[in-house]
Amino acid sequence: MNLTNSTRRILLVRRENIGDLILTTPLIRLLREQLPDAHIAALVNSYNAPVLEHNADLDEVFVYTKGKHADSWWGGVLARLALVGLFCRLRRMRFDDVILAEPTYTLRNIRLARFIIAKPWSSPARRVIGFEHDDGEHTGLDVVVPKAAMEGLHQAQIMLRIASAYAIPAPAGMVVDLPPCRVGPAKPLPSAASTAVAERDPLHVGLHISARKPSQRWPVEAFAALAGQIQQAGAVKFSVFWSPGATDNALHPGDDEKAQALKTLLATTPVDVDVDFVQTHDLATLIRRLDGVDLLVCADGGAMHIAAGLGKPIVALFGDSDPIRWRPWGVAHRVLQAASRDVADLSVQTVSAAFCELAAECGFDGKLAPPRLRCDAAVTGFSV
């Protein structure tokens with residue numbers, strides 16, 4: 001059997017965070033383009049599964065619930081039993097390839113892949129594909145994806161290396177020529193009529209105020225000041241997003257208090273800010289509501305990658321993380337990072353200037369007058 005035959009049955013395993021799965025969708029797109037007759041499936045968890053809803057590049061999506069995401073201890077037991085049943089079902093499906101779509105070498109996932117692939121009793125053409133360990137170890141992998149020369153690469157580019165298992169060369173050209181991230185179905189280009197209507201609408205700006213890492217958290221006072229500055233442009237409306245829940249929730253900490261604080265600040269600002277505070281208690285709702293904004297201001301994190309997968313321009317605030325590796329992929333953006341690698345040290349003027357510059361680049365500046373935004377602050381980040 002030709003190992004690059006496009007009729008292979010492929011299972012892609014990606015069970016980590018939301019952003020990790022989104023940054024795997026360019027690989028899925030490339031596999032579908034190059035192997036149009038292959039059966040391509042994905043194994044994901046219930047937390048990140050909405051990312052792949054309506055993704056036409058996949059034939060099947062298998063979803064399981066992590067025990068820690070169950071609503072009770074008994075629910076956790078049932079979730080683990082269901083997971084065992086799903087693994088057995090996948091084994092019976094006789095996939096030709098199991099792709100471990102993560103840039104780490106994890107023995108637990110390798111053992112799972114070998115169980116699903118049904119080795120050693122299956123055909124030798126059946127393969128487990130994955131990245132080698134940092135030290136070169138690759139026991140359990142049939143096709144080893146090297147980790148050499150990964151400096152300066154985006155996470156999406158690193159994941160695209162897996163395509164070499166099918167003799168698919170890395171796409172040539174600039175970053176803009178590589179497959180974009182995709183969240184939900186591909187969207188048709190807007191017609192001239194719909195564009196004309198959109199130009200008469202206010203600019204819809206999203207503000208996502210939550211971040212998991214402390215170094216990524218911009219103060220609520222800064223968000224309030226930014227909204228006030230942008231609102232002075234006139235034809236602007238805001239939607240505020242945050243991680244729901246209490247700050248002291250050990251399992252799912254949230255920013256309800258921060259959202260309330262922002263609401264209070266905006267109610268007392270001299271500028272009348274047109275703002276909607278959006279409750280998003282599940283990922284599907286967050287995706288749907290982010291799809292309605294024109295431009296997003298947020299910290300590095302899952303919401304940023306969702307917006308990129310939806311094709312939204314982004315002003316991204318980076319703290320102690322690598323913007324070369326994790327910046328928004330495939331969309332117009334501005335990345336801002338203070339020398340201290342703490343988002344709290346980014347000034348409102350810096351973020352406002354980046355917003356103004358990006359809005360002009362994307363053709364939204366016509367919606368921002370009169371009066372014009374003040375754009376006299378230097379942008380201390382970079383766009384790549």
Side-chain angles (χ1 to χ4, degrees), residues 183-184 187 190 193-210 218-244 255-256 258-281 284-299 301 303-304 306-317 328 331-334 336 348-375:
V183 174
K187 297 179 178 63
S194 65
T195 301
V197 171
E199 288 174 350
R200 294 196 298 269
D201 294 335
L203 178 64
H204 191 173
V205 178
L207 303 176
H208 195 288
I209 64 175
S210 293
W218 210 37
V220 65
E221 296 82 5
F223 275 110
L226 177 69
Q229 286 193 16
I230 296 174
Q231 188 68 65
Q232 293 179 31
V236 181
K237 65 177 181 179
F238 294 92
S239 287
V240 174
F241 305 92
W242 69 96
S243 298
D255 278 316
D256 288 348
K258 187 174 183 178
Q260 184 58 50
L262 180 58
K263 185 179 294 188
T264 300
L265 286 171
L266 291 178
T268 59
T269 186
V271 180
D272 186 14
V273 179
D274 182 3
V275 59
D276 179 25
F277 284 78
V278 183
Q279 293 275 4
T280 56
H281 287 287
T285 302
L286 177 60
I287 291 171
R288 185 173 68 253
R289 296 302 298 267
L290 281 177
D291 199 22
V293 307
D294 296 314
L295 188 152
L296 181 69
V297 179
C298 64
M304 181 191 76
I306 290 170
L310 293 168
K312 306 299 178 180
I314 301 165
V315 176
L317 315 181
V331 294
H333 63 274
R334 293 295 182 274
L336 303 178
V348 174
Q349 289 73 24
T350 294
V351 180
S352 177
F355 171 89
C356 181
E357 184 180 288
L358 182 60
E361 177 184 318
C362 297
F364 294 139
D365 51 337
K367 296 185 179 184
L368 298 177
R372 290 297 303 247
L373 281 173
R374 293 183 59 191
C375 296

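- Within the model, atoms CG of Leu266 and CG of Leu207 stand 8.5 Å from one another, a figure rounded to the nearest 0.5 Å.
- The distance from atom CG of Asp272 to atom CD of Gln232, rounded to the nearest 0.5 Å, is 12.0 Å.
- Taking the side chain as every heavy atom from C-beta outward, Leu265 and Glu221 approach each other to under 4.5 Å.
- Counting all heavy atoms, side chain and backbone alike, Met304 lies closest to Ala316 at SD-CB, 3.6 Å.
- Residue Phe277 holds its CZ atom at 7.0 Å from CD1 of Ile209, rounded to the nearest 0.5 Å.
- Pairing each heavy atom of Ile314 with each of Leu358, the nearest pair is O-CD2, 3.4 Å.
- Val205 is listed as a side-chain neighbour of Phe355, based on a closest heavy-atom distance under 4.5 Å.
- Residues Val240 and Phe223 are not in side-chain contact: their nearest non-hydrogen atoms beyond the backbone lie 4.5 Å or more apart.
- The two residues Leu296 and Ala303 have their closest heavy-atom pair at CD2-O, 4.1 Å.
- The nearest pair of heavy atoms linking Val331 to Ala308 is CG1-O, 3.5 Å.
- A distance of 5.5 Å separates CG in Leu286 from NE2 in His208, rounded to the nearest 0.5 Å.
- Nearest heavy atom pair, residue Gly292 against residue His204, reads O-ND1, 3.0 Å.
- The shortest heavy-atom contact between Ala299 and Ser210 is CB-O, 4.4 Å.
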- [ ] Determine, step by step, whether Lys312 and Leu290 satisfy the side chain to side chain contact (heavy atoms under 4.5 Å, CB included) criterion, reporting the C-alpha distance in whole Å, the side-chain angles of both residues, the deciding distance to 0.1 Å, and the verdict.
- [x] CA-CA 9 Å; Lys312 306 299 178 180; Leu290 281 177; 6.0 Å; no
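- Taking NE2 of His333 as the reference point, atom CG of Leu295 lies at 12.5 Å (rounded to 0.5 Å).
- Within the 4.5 Å cutoff, side-chain heavy atoms of Arg289 are placed close to those of Phe241.
- Expressed to the nearest 0.5 Å, how far CG of Leu317 lies from CH2 of Trp218 amounts to 6.5 Å.
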